[in-house]
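Each remark here refers to the structure printed beneath this line.
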Amino acid sequence: MSLDTALFTFDDRYARELTGLYEPWQAAPAPAPALLALNRGLAAELGIDPDALASPEGVAVLVGNTVVEGSRPIALAYAGHQFGNYSPRLGDGRALLLGELVDADGRRRDLHLKGSGRTRFSRGGDGKAAVGPMLREYVIGEAMHALGIPTTRALAVVATGERVERETMLPGAVLARVASSHLRVGSFQYAAATGGVELLRRLTDHAIARHHPPAAEADNPALELYRFVVDAQARLVAQWMHVGFIHGVMNTDNTTISGETIDYGPCAFMDAVDLGTVFSSIDHGGRYAYGNQPAILQWNLARLAEALLPVIDTDGERAVAAASEVLRTFVDRYMDAWREILRRKLGVGSTVDEAFLDEVPGRLAEAGVDHTLFFRRLSSAVRGDEGPVRNLFVDVTAFDRWAEAWRTFLPADPAARATAADDMDRVNPLYVPRNHKVEEALEAATSGDLAPFHALVAVVSQPFDERPGLEAHAVPAPTDGAPYRTFCGT
Ligand code: AMP
Ligand code: MG
């Protein structure tokens with residue numbers, strides 16, 4: 001059996017169409033590759049035989065040691081605002097796009113390596129990645145996927161057999177990741193700054209073909225693409241907010257055109273609701289705090305609009321007016337998506353007051369209750385037992401007052417209530433990757449024990465189904481009051 005034809009069939013549309021937005025490159029050889037995690041379900045979805053992927057030949061491809069026929073590895077060029085400061089040339093400093101896989105349904109997806117060595121975009125970095133952060137990206141991505149939130153996904157993590165220098169020496173790894181594309185706001189910023197209108201137009205056409213083909217028929221395709229991105233990203237961040245997810249590094253190079261979550265660095269799921277929660281140890285100003293995410297997204301989308309102006313209209317003033325009009329719809333799009341999800345989480349019908357919905361985050365923050373448990377336990381209250389959710393509150397009278405209003409929006413009919421409670425359990429997860437559980441799993445994996453990692457992936461891959469023995473995954477860490485921070489983003 002020839003591995004080349006049996007395992008992958010690559011296309012290279014990005015490389016063919018977007019000269020000027022990448023550098024051909026090759027991965028640094030990994031001395032002793034060892035497969036740490038393989039996403040068998042995803043492999044099957046891609047039409048790739050998981051056993052073949054797990055073979056030494058398959059692992060050699062996943063770590064970048066073998067380049068199969070049809071693959072033209074490239075390091076992508078992009079710019080980006082990092083913590084508000086513009087960097088004209090970021091790019092894949094430790095990553096490579098191997099090519100695009102087109103599945104039986106014609107769905108095109110990037111296969112991309114992270115941690116595969118220095119490239120022309122590396123600046124001071126070593127181009128490498130450690131086992132812990134790559135496994136973090138794997139498990140958080142799988143959790144997001146299982147929660148129904150658009151995301152890039154890990155296909156595999158392969159240890160390289162090398163040590164990488166961080167605060168200490170750590171085992172190195174390469175993540176093989178699948179995404180509907182790796183186009184970012186920063187890709188457009190780079191094209192606008194370096195290649196002028198011609199490159200920008202090619203990039204716009206490529207993005208439309210991949211993510212929103214109907215825009216090609218619109219009067220103004222670039223503006224229609226922009227509208228699509230504003231909408232997809234508004235929905236995405238609304239979903240993040242409703243699971244208490246904090247991305248941590250919402251730079252414009254980490255904001256996709258597809259509307260998928262990308263680049264899980266110092267990210268986390270929040271325990272107690274706190275709008276100011278920051279998880280990244282490098283985010284000193286709290287720019288990317290939980291409660292700021294929608295506003296930051298809007299800011300990033302304004303940067304996308306600026307980059308797109310020359311292809312929206314040759315007349316600068318008209319371009320600004322058209323893009324601004326779309327950007328102004330952001331707040332409504334976001335709030336509509338956010339309220340729609342909240343109605344489902346609360347089990348209430350469309351007659352609920354908007355004011356009632358909009359007050360929920362503030363009330364939860366005031367009470368400091370656990371985000372995941374509050375919503376999950378509401379279904380018990382719908383079934384007649386208010387105890388579990390009420391017990392989360394120190395000030396129970398505050399809960400009682402709120403619950404009195406909430407009950408007026410629930411269905412009156414007992415059968416309809418039972419259905420509502422079941423529906424709530426399908427949108428309010430019981431298991432999210434709690435920080436302390438993630439840390440435990442990554443620490444064990446770094447010392448060579450992968451069992452807790454695989455167990456955690458299994459838990460968060462079925463977030464809505466209560467199973468015996470998993471109680472510890474359903475509660476926050478015992479706290480000594482110190483705020484949680486992730487330091488191992490890169
Ligand atoms: P990230 O924070 O992972 O989204 O990366 C931001 C930028 O820094 C991208 O251009 C990365 O390629 C680059 N980068 C991050 N870590 C490294 C590294 N270890 N070596 C080289 N470049 C890196
Ligand atoms: Mg990034």
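Remember, it's a predicted structure, so these values are computed and weren't measured experimentally. Residue numbers start at 1 and run along the sequence shown. Atoms within a ligand are numbered from 1 in the order they appear, just like the ligands themselves.
Residue G125 has at least one heavy-atom neighbour below 4.0 Å for each of these atoms of ligand 1: 20 (N), 21 (C). Heavy-atom contacts of Y78 reach the following atoms of ligand 1: 9 (C), 10 (O) (cutoff under 4.0 Å). Of all the atoms in ligand 1, the ones that sit under 4.0 Å from a non-hydrogen atom of D263 are 4 (O). Atoms of ligand 1 found under 4.0 Å from any heavy atom of G127 (numbered from 1 in listed order, with element): 18 (C), 19 (N), 20 (N), 21 (C). Annotation for ligand 1: atoms under 4.0 Å from non-hydrogen atoms of G91 are 9 (C), 10 (O), 11 (C), 12 (O). The R166 neighbourhood of ligand 1 comprises atoms 19 (N), with distances under 4.0 Å to a heavy atom of that residue. Of all the atoms in ligand 1, the ones that sit under 4.0 Å from a non-hydrogen atom of N254 are 4 (O).
For atom 7 (C) of ligand 1, the nearest non-hydrogen atom from the set R123, R89, K114 belongs to R123. When the options K128, R94, R184, R118 are ranked by their closest heavy atom to atom 14 (N) of ligand 1, first place goes to R94.
Taking the ring centroids of F188 and Y78, they lie at or beyond the 6.0 Å cut-off.
For the atom pair Y138 OH and L42 CG, the distance stands at 8.0 Å (nearest 0.5 Å).
Here N251 does not reach the Mg ion (ligand 2): none of its N/O/S atoms is less than 2.8 Å from the metal. Because the distance cut-off is set at 2.8 Å, D263 qualifies as a neighbour of the Mg ion (ligand 2) through one of its N, O or S atoms.
Under 4.0 Å is where a charged nitrogen must lie from a carboxylate oxygen, and between E165 and K128 no such pair does.
Residue L53 is tested with V59, V61, N39, I48 for a side-chain contact (heavy atoms from CB on, under 4.5 Å); the sole match is I48.
Shown here are the salt bridge (Lys or Arg N to Asp or Glu O under 4.0 Å) partners of D370, two or more places apart in sequence or in another chain: R434.
Taking the ring axis of W299 as reference, the NZ or CZ atom of R287 stays within 45° of it and closer than 6.0 Å to the ring centre.
More than 12 heavy-atom neighbours from other residues, nucleotides or ligands sit within 6.0 angstrom of CZ on R123.
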